[in-house]
Peer 1: 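Structure provided below as structure tokens; questions to follow.
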Amino acid sequence: MSVAPPPAPARASADAAPGTGSEPADARTDAVSETPRLRTTLRRRLFWIAAIVLAVLGALFTVFSSASGIPDGERFSIGNAGASGSRAVAEVLRQQGVDVVEATTLDEARAAVDADGGRAGILFSDASGYLDADGRDAVRGIAEGGADLVLVEPGSDELESMTDGIANAGAAEDDASVAAGCTLPAAERAGTISQPSWAYRLLDAGEAGAAAAGTDTLTCFPAGGDSFAVLQQPAGDGTVTVLGAGDALTNGSVALQGNAALVLGLLGTHETLVWYQPGYEDFDGATPTLGELTPGWVTPVILVLLLTSVAAGIWRGRRFGPVVVENLPVTVRASETMEGRARLYARQSAHGRALDALRIGTIARLTVALNLPRYAPVVEVSRSVANSTGRRVDEVHDILVGAVPRSERELIEYSDRLLVLEQQVAANRPR
């Protein structure tokens with residue numbers, strides 16, 4: 001019994017003759033779409049994407065590492081180990097058993113004083129004027145509750161809010177040192193201190209706009225005239241001390257003369273010393289935001305500029321198509337280059353440049369035909385052509401380099417003259 005063979009499979013559509021109508025309806029094509037897909041684009045630009053991500057990460061790391069590594073350079077800061085800082089004073093006080101608490105806000109300062117029963121020492125320095133009048137009154141209130149407040153180089157606002165009848169007298173006179181000259185224990189132990197930065201004076205009863213200082217105000221370290229470097233007066237149950245010799249607190253000057261004895265005596269009288277230097281947080285709700293400081297016309301102008309930039313980009317922008325991949329080396333025929341240049345010259349009406357291109361070719365061929373050097377000057381070529389054709393030299397020179405076409409018609413006319421001239425030279429060339 002024989003078994004019939006299975007039917008032969010259908011031939012590939014490629015075997016079918018084109019145009020005969022025999023191609024199957026589901027014939028598939030091997031053509032590859034040239035439109036770049038997102039995945040293809042990302043794969044091609046993977047290197048640049050990775051480079052940008054690494055650059056951004058590096059910049060962020062540099063910024064954060066630099067920010068964390070910025071040293072504390074604020075004057076009188078207990079974290080500043082430089083010449084203008086006060087770390088040395090704070091460390092000595094701690095070694096003597098004083099709990100030095102750093103505070104940058106009024107709430108922190110108040111909490112630290114309350115934790116010690118309200119009878120702590122407070123060092124107050126606000127060179128930038130962060131604390132407002134209410135805040136200064138609050139600090140004064142802490143002193144009146146029993147704390148000893150030391151104002152380091154206070155300004156007029158601090159003096160008006162926190163003292164009674166003390167005013168700024170300006171910079172101290174140029175003295176190498178000043179003696180205590182008072183019965184304040186810390187000043188007596190110091191004896192003399194280095195030149196103070198600022199001096200202060202007591203207001204008289206007749207000065208307008210200010211209350212007169214009480215007779216119980218101690219004045220120490222005369223700094224010229226009626227001004228002093230240190231003044232202390234009672235304030236409720238506490239005291240307020242004005243310290244114009246701020247340099248005595250710094251690491252660079254604390255060891256000079258009696259500076260250390262003065263500042264340690266003023267600041268080390270309590271178990272707790274609150275080192276209060278107001279910061280930005282004391283301005284909550286008072287500091288205007290960037291939006292509040294910006295004039296109203298800035299935002300509309302920025303929006304108009306952005307819209308204009310986008311419109312200009314769309315108007316002048318040019319979207320390039322996908323990159324065409326060709327096998328190298330790419331050969332471009334000379335005729336294509338010539339035709340391309342011709343189209344550019346015609347589009348720009350560059351008749352003179354087009355004629356120059358023709359003249360360069362004509363002169364090169366004429367030098368060969370007349371056995372002239374390759375780099376022979378045009379004058380020499382003109383003379384040789386004139387001798388060969390019987391034309392005048394000036395006429396030949398005008399044809400080769402002189403005349404300038406002003407229209408396409410003149411360009412064609414001069415081109416014909418070049419052709420005729422070259423044919424005449426070729427006809428008269430000795431065989």
Peer 1: Between Arg75 and Ser197, what is the shortest heavy-atom contact and its length?
Peer 2: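 Looks like NH2-OG, 4.2 Å.
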Peer 1: Distance-only, no hydrogens or angles: does the Thr239 side chain make a donor-acceptor pair with backbone N or O of Asp148 under 3.5 Å?
Peer 2: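 It does not hold such a pair.
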Peer 1: Within a radius of less than 6.0 Å around CD of Glu91, do more than 12 heavy atoms belonging to other residues, nucleotides or ligands occur?
Peer 2: yes
Peer 1: Report yes if some heavy atom in the side chain of Pro278 is under 4.5 Å from a heavy atom in the side chain of Thr104; otherwise report no.
Peer 2: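 No - every pair of side-chain heavy atoms lies 4.5 Å or more apart.
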Peer 1: Could I get the full list of side chain to side chain donor-acceptor pair (under 3.5 Å) partners for Ser253, not counting sequence neighbours?
Peer 2: none
Peer 1: Between Asn259 and Ser194, what is the shortest heavy-atom contact and its length?
Peer 2: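 So the minimum-distance heavy-atom pair works out to ND2-OG, 2.9 Å.
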Peer 1: Taking atom CZ as the centre, does Arg94 end up with more than 12 heavy-atom neighbours from other residues, nucleotides or ligands that are less than 6.0 angstrom away?
Peer 2: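 Yes, because the 6.0 Å sphere around CZ of Arg94 holds more than 12 heavy atoms from other groups.
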Peer 1: So does Val101 get a backbone contact from the side chain of Tyr276, meaning a donor-acceptor N/O pair under 3.5 Å?
Peer 2: no
Peer 1: Flag yes if more than 12 heavy atoms outside Arg417 fall under 6.0 Å of its CZ atom; otherwise flag no.
Peer 2: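 Yes, the 6.0 Å shell around CZ holds more than 12 heavy atoms from other groups.
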Peer 1: Measure across Phe76 and Ser125 and return the closest heavy-atom pair with its distance rounded to 0.1 Å.
Peer 2: CD1-OG, 3.4 Å
Peer 1: With a 4.5 Å heavy-atom cut-off, do Pro154 and Val242 have their side chains touching?
Peer 2: yes
Peer 1: Test your reading of the model: is there a side-chain donor-acceptor pair from Glu410 to the backbone of Arg406, 3.5 Å cut-off?
Peer 2: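 Yes.
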Peer 1: Can you tell me if Arg201 uses its side chain to pair, donor with acceptor, with the backbone of Ser227 under 3.5 Å?
Peer 2: no
Peer 1: If we check side chain to side chain contact (heavy atoms under 4.5 Å, CB included) with Leu131, which of these qualifies: Asp282, Asp157, Thr105?
Peer 2: Asp282
Peer 1: Are any of the side-chain nitrogens in Asp356 or Arg353 under 4.0 Å away from the carboxylate oxygens of its partner?
Peer 2: no
Peer 1: More than 12 heavy atoms of other residues, nucleotides or ligands under 6.0 Å from CD of Glu413: yes or no?
Peer 2: yes
Peer 1: Checking the side chain of Ser161 only, and the main-chain atoms of Glu158 only, is there a donor and an acceptor separated by less than 3.5 Å?
Peer 2: no
Peer 1: Would a 4.5 Å heavy-atom cut-off, applied to side chains only, mark Gln96 and Leu264 as touching?
Peer 2: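 Side chain of Gln96 against side chain of Leu264, heavy atoms only: contact under 4.5 Å found.
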